[in-house]
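Written below as structure tokens is the structure these notes are about.
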Amino acid sequence: MPLTVGLNHKKITNESGAPNNGHVRPADTTNLKNPLKTKIYKDFPTKCTDNDDLLLQIENLKTFFHTEDGLIRGCDGVSYSVKKGQTLAVVGESGSGKSVTAMSILKLIPDPPGKIAGGRILFKGNDLLSFTPDEMRKIRGNEIAMIFQEPMTSLNPVMTAGEQISESLILHRGFNKKEAMSNAVELLSLVGIPAPETRAGEYPHQLSGGMRQRVMIAIALACRPDLLIADEPTSALDVTIQAQILRLIKKLQKQFGMAVILITHDMGVVAETADMVAVMYCGRIVEYGTSHDIFFSPRHPYLKGLLRSVLNIDNEEDDLYIIEGNIPDPLNLPEGCPFEPRCPEKMDICTKQRPEPFFFGNVHYACCWLHA
Amino acid sequence: MLNYTIRRLLLLIPLLFFISVMIFGILKLTPGDPAVVLLGERATEEALELTREKYALNSPFYVQYVKMMGNFFTGELKSIYYKENVIMVVLKKMIPTLELGLTALMLAIAVSIPAGIISSVKRNSIFDYTSMTTALFGISIPVFFTGILLIYLFAVKLKVLPASGYGGSMFTIEGLRHLVMPAFVLSFTMMASTTRITRSSMLDLLQEDYIRTARAKGVKENQVILKHAFKNALMPIATNVGNQIARLFAGAVLTETVFAWPGVGRLAVNAIFRRDEPLVFGCVLILSVIYVVVNLMVDLFYGIINPRIRYE
Amino acid sequence: MNNILKIKTFYLFIISALLLAVISPKAEIDYISYGIFALLTLIILLISLAIYRHKKINATTIIKGTGELVWRRLAKNRTATASMIILILLSFLAILAPFITPHDPLETDWGALSQGISSSHWLGTDDMGRDIFARNLFGIRVAMGIGVTAVVLNTLIGTLLGLLAGYYGGKTDNVIMRLLEIWNAIPFILLAIAVMAALGTGIGKLILIVSLSNLMAFARIIRGSVMTVREFDYVAAAKVIGIKDFHIIIRHIIPNCISPILVLASLSIGETILVIAGLSFLGLGIQPPMPSLGGMLSNGQQFLHENLLMSIVPGVTILLIVLSFNLFGDGVRDALDSRLES
Amino acid sequence: MKNVFIVAGLAIFLSMGIIHHIPCAEAKEKVLRIGMAKEPAKLNPVFIPGIYGEAVAGNIFDTLVSYKENASMPTPLLASKWEISEDGKEYTFHLREDVKFHNNEKLTAKDVKFTLEAIMDTANASPSKEFFEPVERIETDGDFIIKLHLKNPYAPLMLALGSHTAGIMPADHVKQVGMDAFDSHPVGTGPFIFVEWLPDERIVLKKNPGYFLAEPAIDKVIFRPIPKPEVMAAEIESGGIDIAQNLLPQDISRLEKEGNLNVMTIAGLGNSYLGFSYKKAPFSDPRFRKAVYHAVPFDAAIKGIWKGVGERSYSWIPDGVFPFDTEYMKSRALPHDKEKAEEYFNELKKEGILQDGFEFSIYTSQNPHRVKIATVVATELRKYGLKAKVESLEWGTLFPILKNDSGCYIMGWGSVPDPDRWTYKIFHSGSTMNFSKYELPEIDEALDLGRSLVSSKQRGEQYIKVMRKALGEDYIHIPLVFKSVTVVTGKNIEGFTPSPQDYFHLVTEKRNVTVN
């Protein structure tokens with residue numbers, strides 16, 4: 001776990017969260033009734049209310065991989081939504097399915113072996129899953145953009161930075177080469193790259209890691225997308241550059257009123273940027289809520305474990321807390337709660353049945369029998 | 001880029017010196033007497049002596065070498081058999097060689113690169129399996145066996161194509177009819193290995209991250225494959241084509257023998273058998289120069305397509 | 001005792017032992033081949049015992065040695081195993097040739113010229129009444145024997161040059177690579193012909209010249225991997241504690257370059273056999289009366305009308321040998337090159 | 001980026017097309033295309049070393065006398081008549097006066113004198129110099145009479161003057177242009193005029209309308225060298241050529257059966273033989289040579305290899321050519337007898353002349369038939385513990401090996417129907433072509449007599465003596481086969497018949513080959 005940057009000095013706004021009508025809960029409720037605390041919505045509202053500021057809504061998304069050794073459930077019934085200009089952080093260890101979900105949104109899952117088996121992805125009210133490849137292409141890079149983790153390999157080594165940026169402009173905005181190039185130079189200066197004219201003519205191998213990530217961002221923002229999916233944008237960079245990139249994303253988000261889905265395994269990054277947070281484990285969301293809920297009233301043992309294992313300067317404990325064991329084999333997930341084998345507070349029910357979400361307030365929920 | 005080329009061309013001179021010394025050494029080892037070739041069965045002893053004098057065949061080793069190199073560059077090195085300046089003889093044979101070689105090269109590239117790309121994109125499809133098995137056969141079957149089979153099929157049985165020989169420039173129907181089979185046979189091996197290389201390098205590249213970035217940008221699929229993946233695949237393909245050209249020379253000799261094609265390869269082979277030392281010397285030297293120059297062109301082609309390699 | 005039967009090579013041993021017994025009465029036909037085959041059977045036995053002992057010792061540990069991992073991946077690849085079986089079959093045929101065919105490959109029978117397939121001559125006879133099947137078997141023996149020896153020599157020389165160039169770098173590297181460049185610049189087949197014409201033909205010279213054919217390919221790849229390995233810390237560490245270069249190369253450098261060497265060697269066997277066949281097609285290499293596949297093919301070209309078998313049989317045999325070596329080579333490359341999964 | 005690569009490729013293509021001349025369109029003219037087994041090395045008669053040069057030169061040059069129609073009787077050509085003195089030392093020729101060279105110079109006696117002296121001049125190193133050895137002096141008497149004075153009578157002189165290597169050259173033109181340049185652009189008086197020579201591709205001749213015998217019926221003749229016999233067969237079948245020579249026996253029998261081409265065969269003068277060294281052990285021991293004779297089934301093997309194209313030969317002198325002695329020589333041939341061979345070999349091994357596992361090579365040229373017979377000999381001898389290897393070499397390598405006593409070799413000669421031509425140089429100890437180093441005084445003496453005597457009956461006795469001693473007793477050679485000459489022509493060729501020396505006679509006093 002990278003050392004976080006001063007967890008507590010960022011003021012967490014105690015947003016009570018916007019009215020969450022129309023908020024959608026996972027559908028496959030189990031039969032066991034939940035007597036005590038929270039209401040369970042049995043089924044989905046048939047017609048999703050077209051709340052104007054609700055940009056993206058994922059409902060019970062299932063993406064499976066048919067490999068030789070068997071079926072891997074990369075993303076097993078995930079639901080979350082993002083409003084305009086809002087930042088949703090998706091957190092979890094590697095292999096928890098956070099990237100798979102993101103890639104499914106843009107339907108970039110390699111067809112053999114992966115397949116989107118179920119659920120819906122509503123973007124501005126229409127379901128992307130029903131889109132034809134051509135329609136999808138109009139969305140990609142134009143309305144939803146994505147940046148990746150490895151700046152070293154994410155840029156085409158034989159094309160100059162300027163060319164790679166102007167490519168999507170030419171594609172979506174119909175610019176001619178010259179217009180696109182001048183626009184690209186503008187974008188490069190927008191993302192804070194010094195001497196953009198020369199940089200535009202240079203090849204990726206001539207740029208530093210941080211600069212390449214900025215070029216990636218310039219490419220993504222070329223067509224002013226409404227949603228930016230950032231798949232661990234800073235993990236491969238060293239800490240100082242990391243902060244600059246996050247601040248850049250924040251600034252551009254404000255400037256263009258863009259929603260951001262930030263995928264990371266670094267709680268420090270989440271603390272700094274996220275409005276809403278979804279914690280994923282083995283292809284499912286185990287806890288979802290505002291960043292304030294997550295950091296100040298974590299409910300799920302896994303989240304608690306994550307928070308405790310984050311190094312904290314003013315935390316006196318000398319030895320580092322680690323979550324025992326490792327992620328179960330995706331080929332044969334345990335019957336009950338996937339976290340059960342590593343859960344310090346596990347009960348016997350956890351081994352038999354999969355927990356379903358229990359709500360604390362109307363936004364914050366956690367899937368754990370502790371709160372049944 | 002320019003001074004790199006000049007430096008590489010300058011390197012050619014020591015290279016040529018070494019090659020010529022090596023060839024000359026081998027030739028001198030050869031038993032047999034070129035003078036005899038000239039005079040034939042009824043040559044008398046002093047007649048042979050006279051001819052040896054004329055071609056300085058029995059003066060010391062290095063004198064002959066210097067004389068030969070001198071004559072070669074001033075163009076007076078005459079082939080004993082063809083009684084003509086060596087460079088001219090080779091140039092006359094150059095046209096059929098180029099026609100055969102370039103057609104085979106173009107045919108191979110035109111077929112193998114698309115085949116490689118399609119079979120890498122449609123992996124494990126029927127197209128992929130058929131092209132890969134044919135490619136495997138292509139690199140396993142001896143050039144001359146395919147030649148003999150084709151001659152039997154098209155010339156002997158169906159009598160559609162001429163069995164062998166050179167029918168004049170390829171821009172005449174007769175010339176083309178003669179060129180079809182040898183060009184196909186020669187290009188078949190090269191086609192096979194280039195397809196395999198294209199497919200495997202494309203497979204590697206399609207896993208790369210920037211392909212995913214391109215798709216995320218909404219680039220059309222065939223653009224992703226051609227513009228992004230294939231442009232990067234050009235380098236391993238160029239390497240393969242580079243050393244295929246070396247095999248083109250060797251393969252050409254065999255193909256030329258099967259189809260009695262009057263190319264430079266066969267000229268060199270006959271020259272060696274005929275003990276025509278000046279011609280052997282000229283042929284091998286010119287072929288080596290061509291080979292080195294072609295390799296230089298492939299390296300320069302690298303420079304163009306691969307920005308990472310900046311020739312200082 | 002029972003799990004020894006699980007090892008495949010043990011079955012191979014049983015088969016070859018059986019063959020050995022079956023042909024022992026006819027042993028006096030050709031003592032040398034019989035002797036070689038007996039030796040081969042012994043080697044197979046030793047290998048299977050070694051595997052058996054190896055399996056017994058680390059039956060418990062789950063961690064598999066890289067060798068075993070590679071072997072397992074190779075065994076999983078169906079085409080590679082098929083090619084291995086064909087190769088084993090061909091080499092058995094080659095070694096036991098004198099015992100399989102009733103005919104001597106050189107024996108001319110003027111009564112039976114260019115006959116088709118018959119009970120006495122399984123693949124017919126050629127233009128001098130010699131049994132094509134017998135000549136083909138001896139042709140395989142020559143082709144594979146020379147092919148493999150030439151490749152082994154080629155690998156050794158190429159690797160040595162690559163090691164020296166890669167490890168010492170600087171001047172030696174420059175000198176070796178420049179010389180190789182010159183050697184590579186001369187079109188190989190002309191060089192082979194010139195040398196053959198100069199020194200005269202014969203198997204020894206054929207092996208010599210073919211084993212010097214693509215040194216450049218070997219040297220360049222080995223040099224590359226040696227250079228990368230040389231940069232690793234543990235090599236620097238070894239140097240620091242004063243281990244002599246020679247040991248470093250043997251213990252550290254070579255084991256890490258084994259896979260590129262193996263891949264290139266197995267891939268180049270096919271090509272070498274084609275080159276040998278090409279040379280004998282041009283009339284160099286193996287001289288009559290010794291049978292050679294290339295020679296049979298070039299002779300067959302004169303009898304396309306009369307007796308197609310004379311061309312088809314040697315051609316298909318060369319194709320089969322080279323195809324199996326190439327398949328085997330691909331299998332080895334895929335097994336060793338873990339990144340490129342099937 | 002990719003299109004730059006394609007454009008460059010196309011540019012090379014097109015440029016090649018332009019610089020390569022587009023061949024002149026063949027108007028509806030009569031063209032005869034002849035396939036030749038080997039390309040002539042030289043066309044200048046003084047330099048011609050082999051039969052292929054002679055075959056082409058025969059149509060460009062004329063000789064004093066002609067053997068074209070009758071291989072053993074000279075008929076008038078450039079010389080309308082000639083007289084030979086009683087002592088056989090003086091020959092006078094009367095030239096025709098209406099003959100012009102292709103460059104319109106008139107043919108006169110000085111051209112004949114110049115040509116013959118050029119052949120005899122050591123500076124030109126002419127291969128046929130030895131056939132004019134006995135000529136002492138040549139004098140011309142006016143423009144159209146030429147006299148040859150000989151040191152001693154020499155019967156085969158007429159043959160030498162009739163051979164195409166004595167084609168008459170235009171003296172002034174040659175002096176002006178030089179011998180070598182003349183070789184690449186010959187000018188003669190013959191029925192066809194030289195046009196061009198593309199090495200390894202073709203030699204083109206066009207008709208000489210003013211030819212004194214008759215205007216040739218064909219407009220153009222193209223000689224195409226096709227070294228591989230199976231390719232020659234495919235070319236004649238597919239109509240690529242009109243006349244084909246030296247085909248493989250199996251192709252000849254097939255074409256004969258198919259019947260859509262004319263297949264003509266006549267007895268040949270070319271003899272192949274297996275020679276042994278007379279000096280080098282163990283070949284020098286007659287028992288070794290007899291053992292080899294017994295060991296190999298020559299009759300069956302020759303029939304199997306040459307099939308219908310040649311019959312077994314028992315002496316150097318072909319059947320039907322004087323002196324007729326074939327019956328006796330046939331009786332001296334040794335039958336295939338394994339025991340006898342074993343017996344001889346064991347004797348030699350006992351006496352230590354021959355070691356067991358003795359390794360040696362049988363040297364031969366690259367003629368496929370000779371390689372096969374050598375393989376048969378090598379295979380058979382392996383049964384007696386001798387390790388023989390066949391070395392088939394290009395002529396340039398083979399000749400020096402044969403010259404310094406190769407031990408065991410296969411060679412062959414074909415030439416004019418006079419016994420002297422290929423007995424003197426094979427058996428005479430002085431001759432460079434005596435590869436067996438056969439040296440017997442009485443043989444040399446008989447051969448010299450054969451040359452100097454005039455009456456063919458007396459000459460015949462000498463040659464019979466030589467043959468019986470060398471082949472019948474010493475078995476220095478094992479004669480193998482007289483290869484018959486087979487020529488295949490298209491049905492549209494009229495008036496062409498093959499010549500025993502593989503020449504192509506197109507226009508003579510009796511014939512004028514046409515293509516319809």
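Chain letters run A, B, ... following the sequence lines, proteins first, then strands; residues in each count from 1.
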Original post:
Between Ile305(D) and chain C, which part of the residue has a heavy atom less than 4.5 Å away: side chain, backbone, both or neither?
Top reply: both
**OP:** Quick one: list whatever passes side chain to side chain contact (heavy atoms under 4.5 Å, CB included) with Glu235(D), sequence neighbours left out.
**Re:** Ser164(B), Arg224(D), Ile226(D), Val231(D), Ser238(D), Ile241(D)
**OP:** Taking atom CZ of Arg33(D) as the centre, report whether more than 12 heavy atoms of other residues, nucleotides or ligands fall under 6.0 Å from it.
**Re:** yes
Subject >> Salt bridge present between Lys383(D) and Glu107(C) (N-O < 4.0 angstrom) >> reply: yes
Original post:
Taking non-hydrogen atoms and a cut-off under 4.5 angstrom, which of residues 303-320 of chain C neighbour chain D?
Top reply: Phe303(C), His305(C), Glu306(C)
**OP:** Please state whether the side chain, the backbone, both or neither of Ala388(D) comes within less than 4.5 Å of a heavy atom of chain C.
**Re:** backbone
Subject >> Heavy-atom neighbours of Lys491(D) NZ exceed 12 at 6.0 Å >> reply: yes
Subject >> Interface moiety of Lys228(D) toward chain C, non-hydrogen atoms closer than 4.5 Å >> reply: side chain
Original post:
Which bit of Asp104(C) comes within less than 4.5 Å of chain D, counting heavy atoms only: side chain, backbone, both or neither?
Top reply: neither
**OP:** Could you please state which residues from residues 122-144 of chain C sit under 4.5 angstrom from chain D, measuring non-hydrogen atom to non-hydrogen atom, sorted by number, or 'none'?
**Re:** Asp127(C), Met128(C), Arg130(C)
Subject >> Non-hydrogen atoms of Thr379(D) and Leu106(C) that approach each other most closely >> reply: CG2-O, 2.9 Å
**OP:** Go through the structure and list residues passing side chain to side chain contact (heavy atoms under 4.5 Å, CB included) with Ser280(C), not counting sequence neighbours.
**Re:** Ser292(C)
Original post:
Which of the residues Ala378(D), Ser253(D), Ala301(D), Gly304(D) is involved in the greatest number of heavy-atom pairs with chain C at under 4.5 angstrom?
Top reply: Ala301(D)
